[in-house]
Amino acid sequence: MADGTAALVQAAPLIAARGLNKIYPTQSGAPVVALQDVSFTLRQGEFVTVVGPSGCGKSTLLKILAGILRRSSGQVTLAGREIDGPSRDVGVVFQAPVLLPWRNVLQNVLLPIDIQRLDRKAHTPRARALLEMVGLAGFADKYPNELSGGMQQRVGITRALVHDPALLLMDEPFGALDAMTREAMNLELLRIWGEARKTVMLVTHSIPEAVFLADRVIVMSPRPGRITEVIEVDLPRPRDLSMINSAGFGAYVAAIRAHFQSLGALDA
Amino acid sequence: MADGTAALVQAAPLIAARGLNKIYPTQSGAPVVALQDVSFTLRQGEFVTVVGPSGCGKSTLLKILAGILRRSSGQVTLAGREIDGPSRDVGVVFQAPVLLPWRNVLQNVLLPIDIQRLDRKAHTPRARALLEMVGLAGFADKYPNELSGGMQQRVGITRALVHDPALLLMDEPFGALDAMTREAMNLELLRIWGEARKTVMLVTHSIPEAVFLADRVIVMSPRPGRITEVIEVDLPRPRDLSMINSAGFGAYVAAIRAHFQSLGALDA
Amino acid sequence: QGGLKRVRIAVGTTNLNLAYPWLTLPVALGWWQEAGYAVEVLPVGASLQALQQMVAGNAEFAQLNSSVVIQANVQNNIPVRAVMNNGVIDWSLSVLEDGPVKTVADLKGKTIGVFSLATGGIAFLRSYLRAAGMNPDSDVRLVPVGLGAPPIEALRNNRVQALLYWASAQAGFQNAGLKLRHLRGEDWQSYPDFTFSTLQKTIEADPAMVEAIARGCARATEFVMASPDCQRRLHWARWPSTRPTGADEATLAQWDLNNLEAQLGSMHAAHAMNGGQLWGRATPEAYGRIQTFMQEAGLIQRSIDPATYMVSIPDFYTKINNFDAAATRALAAACPAT
Amino acid sequence: MTIPRGRLELLLSILLFVVFVLGWEAACVLLEVPAIVVPAPSAVAVAMYAGLASGELVTHFWVTFAEVLLGFVFGAGAGFVLGVLVGLFPLMERTVYPYIVAFQTLPKVAIAPIIVIWFGYGMESKVVITATIAFFPVLANTIVGLRAIPREQVELMVAFTASRWQVFRMARLPQALPYVFVGLDVAIVLSVIGAIVGEFVGSQAGLGYLILQRNFNLDMAGVFAILIILSLMGIGLHLAVNAVQRRVVFWMASSTDRVMGA
Amino acid sequence: MTIPRGRLELLLSILLFVVFVLGWEAACVLLEVPAIVVPAPSAVAVAMYAGLASGELVTHFWVTFAEVLLGFVFGAGAGFVLGVLVGLFPLMERTVYPYIVAFQTLPKVAIAPIIVIWFGYGMESKVVITATIAFFPVLANTIVGLRAIPREQVELMVAFTASRWQVFRMARLPQALPYVFVGLDVAIVLSVIGAIVGEFVGSQAGLGYLILQRNFNLDMAGVFAILIILSLMGIGLHLAVNAVQRRVVFWMASSTDRVMGA
Ligand SMILES: Nc1ncnc2c1ncn2[C@@H]1O[C@H](COP(=O)(O)OP(=O)(O)OP(=O)(O)O)[C@@H](O)[C@H]1O
Ligand SMILES: Nc1ncnc2c1ncn2[C@@H]1O[C@H](COP(=O)(O)OP(=O)(O)OP(=O)(O)O)[C@@H](O)[C@H]1O
Ligand SMILES: [Mg+2]
Ligand SMILES: [Mg+2]
């Protein structure tokens, strides 16, 4: 199952998908085509964001990359190897927080450490530091049902970072956060990415966020999900919030927005 | 429990809260002060939005108003009557979708109809129309686990509208939606509110959204949640998306943002 | 069954096989029906349950062990009456025929298998051992081995050296292939055991019924004594599910006959003990003996007048034996087809 | 694996059966287990054939089967209803439940005479004894199942002014069904035992009655043939409960197992 | 309500007890229930006192209690372990589980003689009989409980490369605990019955033995005194299981009931 220590180093592209399809069976009979002929590559060290209308298959795509959902057809490789299960060097943030109710916040954050049989003691300071970073320092010993929605989501983000994975797959990680917290988290994420040279694929429904964070923005069409546009964001790094007011930034946002609108906002 | 047919008509203010406090006990012992001395009024027909940092008590406040969470102290009245339980003429959107897994989408939407023993047949066309409006026309017979996160949230919104309640309490209803869908939903909500003269209290983490929708924006401080500012939004109605680019709009957004920033974005 | 009076007999057994001819033959041959009674014979488990059913009004008669009749009267103040005495204490100790135990004295230091530690035979065993100069508490060990395969296996494997069981159980052991020698106290067969009983109030309310039912029992006894094999055939025909299974027809018939013979032996002994004239006769002397024995064994704390146990109808046993014995024997010999 | 999973399971199941029977036969021969303790499967097969051919096993089967079904229906029904009452009125849990547990620990054999006195010698008393046994697992599972609802679902229901009864019917109950069905599964199996115990106490028909007869005559092969029939009855009823469960609790079906690599 | 809830419950519980005992006594007198069937509570109280004072009930209590506990531990333990195996290896469910159901439907009374032959006449055979009874509810509940995990949790675990065993230990198992504890609750109650049935088959000590003894002496008040002790044992063990459950499954505690108006 697990790739074990299979290093995700070198060898660009890190992820390569070719002609990916996903069809879900449903109880009412009619199957749903979630992904249709999706192809893209993700280079080592790249920060890619994915935008697309609700229900277009973003989460589906991420789960396939995370190795927890079987594709219906097509090819995906991670570091050159066909994906047939999850890898240790990947951190996943799910769209819903999915915390284990019998573990307190700190224990939830340490879950990947426990799973990967790393040293709990050695990683606890890092876990606490990450919790501090996301503003949950005082909540380490609280239980999930004692947290607000946004706090739960932040625990989920911390959990994905705790084992310092090289690849981050994040499904709308900041969706439940207020604007200020969200901006702060964006900056933190960019800092971590820049310092530790990670590769990130992040789904978001905020176009400015997508532009602000990304090297490239992947735009998906309404169901059946296809990639209709890949936009290179050629803005200088490191970025800070002031850039949001720049003309270049605005142009990217407007372009994606326009493209988006041409696809029809609501799926039916 | 239920207020029965207690009409919410006339008699401004519709909601009046005075000195509201909420303290949660926790398993680790130390109780959490979620709301501190919260007072405000909500006039009949008003559209009020609430912004505030994650974990500041927005959901807590909404649950108290919905009559499903007991306040620790203070007073709240709905249409002049002390709130001691939920009312029929209220529609609630929760932060998480909370769909019943054994009901398909249409059945989930019709839940309030079933609970309030209204005529299912008579309300089904309305339910279908609302589903169409939120872009889920083809999903009426799917089950919740067959939907994407954003689709689930849209089912939750539809459910709150189906019995045409006079008061809507909405907790980040558009949080999981992409920008386009979100804007479309904003416009739809304003249309419904304008046509049916509803009263709405909506929690959001998007400051532009808060300004765009509201007559007044309530700004809350980090935990312990207090109301630090109430901003009257004096922008013309009916509003459309073009307004977002107006100077007045920008000024409101900037003011709230500034105020927000002065409070410290992340709670600890 | 319009017009017939309903009578129920609760039998202290789980297994109403052919060993209760005085209860089953009158049903099989329709005698009670002719006399105006619709009789149900119900196996209800054990003596206690039979007594409970009778006392609760769910049965007019109960087939009980004599000890239960005594205890019910003495300890529980329940006026149970011995309508008929159908047997004597037929318990025995069985040992392997070719085993080391030949006499009671050889039992010293041995282990004895019993049905359970709350079983009637133990009191007799204790007095038997005491009479032989042994201390029943220290010189032998008792282990409860239940019924069926365990006692047989226990004896075969020398986990016990003797089995203390009633006659039909012993017959079963022999049917299973054990070659057994039997030891029993000389006095054992002087005590009445199997008792067809009813409540005093039933006798007072309907003496004619009690008499009629008992007459059927007595006549059935006459019948079965004349032809045990006819009883077997009638019983098998009427209650096919009680016939043994698991071997060829002839063997099965032989097994069931062995079983029946064990019972008939006990019935004969009771008959002889009670005067040898009238079937089913119960006597105050006999019940007095068992009462005395039980008091000495500590099973009851006091005694009552043995006459109390008797049915208060004058000449009762003469009346119930008032049937055409010769004709009955002839019928048995012919064995009516069913 | 090239063999489809269903096939594999069937194959394994049959293999297991064959191994089991052969092992049993071998043990009887090699270990010289006396037939009076455990008869050889061949002897049991003969007894089974004889019993089926004569129709004896069949008639008694139906008696016991009826007792099992009726006892199950009444017992499980009562357990469910009482579980629902305790679920609706939590006060009952601390006050009435201990009495139920107390009643439940009474050995049925000890109270059987009372049941026979009240319900007679016929099928009724066996049905009642079966019901008293089938009752408790359903009760215990129902109570806990009704409590297993997530807080958010209760909030949802209440926010839309659901009455206590509606919360129960529309949310708690469906949520409890997986638990209830475990209770039913345990109950159906205990029902088979219950009917047999009831027949042991005193009866004139049924497989339990037949066991007593054959036990008395040391016909162990005959007894084992009955035990096998009882087992088949148990498996059949268990499969029936499971089939109903899959239809009723459809939304829990399978999906879990399809996580890749799990 | 001005009476605090705990008090109210206690009060109601005591009231119920008093009503029950008075009703029983009244029924005995008014309905003329014969004492040989159901003795009056006063007579039972006398017998209870005598038994306790002489120490007879106490010594036999400990024998039975030990059998119940040991049988429960072994039976529930085996049920849990097997449930876990079935949970880990779904293949076992279709292949082995039917055999377990089959075994479970065998009336213990019918196979008790075999158990006695194999395990002797001492405490062992009673423990084994108890264990075979305690086993199944735990097994059935464990299997279903292990399946009750939400798909997202499995996805979470697997995404972080949890092995099958880790998914089991860190997610499935905690998720299954509420189910397992219902199984344990049912099992502990059945264990009491199991030990008594075991003692009925043949024993030299224990409350079941004493029931036989007193049955033989037609001492129904004495029998009922034992039945009451058995009930108390059942209630006590049930409460103990519940107390452990509350500590172990702490995250499910109470919170549900605090939704306003629910
Ligand atoms: N388990 C499932 N069974 C059946 N259909 C599914 C399942 N999961 C997702 N789908 C369908 O697949 C499509 C894509 O779902 P997905 O969750 O990938 O969308 P998404 O892009 O993440 O949407 P959102 O932004 O709303 O989260 C949707 O139409 C949904 O109905
Ligand atoms: N059931 C609970 N038990 C204990 N503490 C709780 C509970 N629910 C909420 N809290 C605490 O109360 C505070 C306010 O929570 P609330 O959910 O109202 O925040 P919020 O403003 O809605 O946040 P968000 O934007 O993240 O949803 C938080 O600090 C949280 O930890
Ligand atoms: Mg998604
Ligand atoms: Mg919230």
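Worth saying up front: this structure is predicted, and the values here are computed from it rather than measured. Below, all heavy atoms of this structure are taken into account, side chains as well, without hydrogens, waters or symmetry copies. Each chain gets a letter, A, B and so on, in the order the sequences are listed, and its residues count up from 1.
For B:E183, the part sitting under 4.5 Å from any heavy atom of chain A is the side chain, from C-beta outward, and nothing else. For B:A96, no part sits under 4.5 Å from any heavy atom of chain A, backbone or side chain. Neither the backbone nor the side chain of B:Y24 comes within contact range of chain A; no heavy atom of the residue lies under 4.5 Å from a heavy atom of that chain.
Not counting sequence neighbours, A:K58 has no partner by the salt bridge (Lys or Arg N to Asp or Glu O under 4.0 Å) test. For A:F249, there are no ring pair (Phe, Tyr, Trp, His ring centres under 6.0 Å) partners two or more places apart in sequence or in a different chain.
A distance of 11.0 Å separates NE2 of A:H259 from CE of B:M180, quoted to the nearest 0.5 Å. Note that OG of B:S54 is 7.5 Å distant from CG of A:L136, once rounded to the nearest 0.5 Å. In this structure, OG1 in A:T26 is found 11.0 Å from CG in B:N104, a value given to the nearest 0.5 Å. Distance OG/B:S206 to CG/A:D178: 11.0 Å, rounded to 0.5 Å.
Formation of a donor-acceptor pair under 3.5 Å by the A:H205 side chain with backbone atoms of B:T181 is not found in this model. The closest donor-acceptor contact from the side chain of B:E146 to the backbone of A:Q27 lies under 3.5 Å.
Heavy atoms from other residues, nucleotides or ligands lying under 6.0 Å from CZ of A:R128 number 12 at most.
Residues A:Q152 and B:Q95 fail the side-chain proximity criterion, which asks for heavy atoms closer than 4.5 Å.
Among A:A30, A:G57, A:A176, A:A179, the residue with the largest count of heavy-atom pairs under 4.5 Å with chain B is A:A176.
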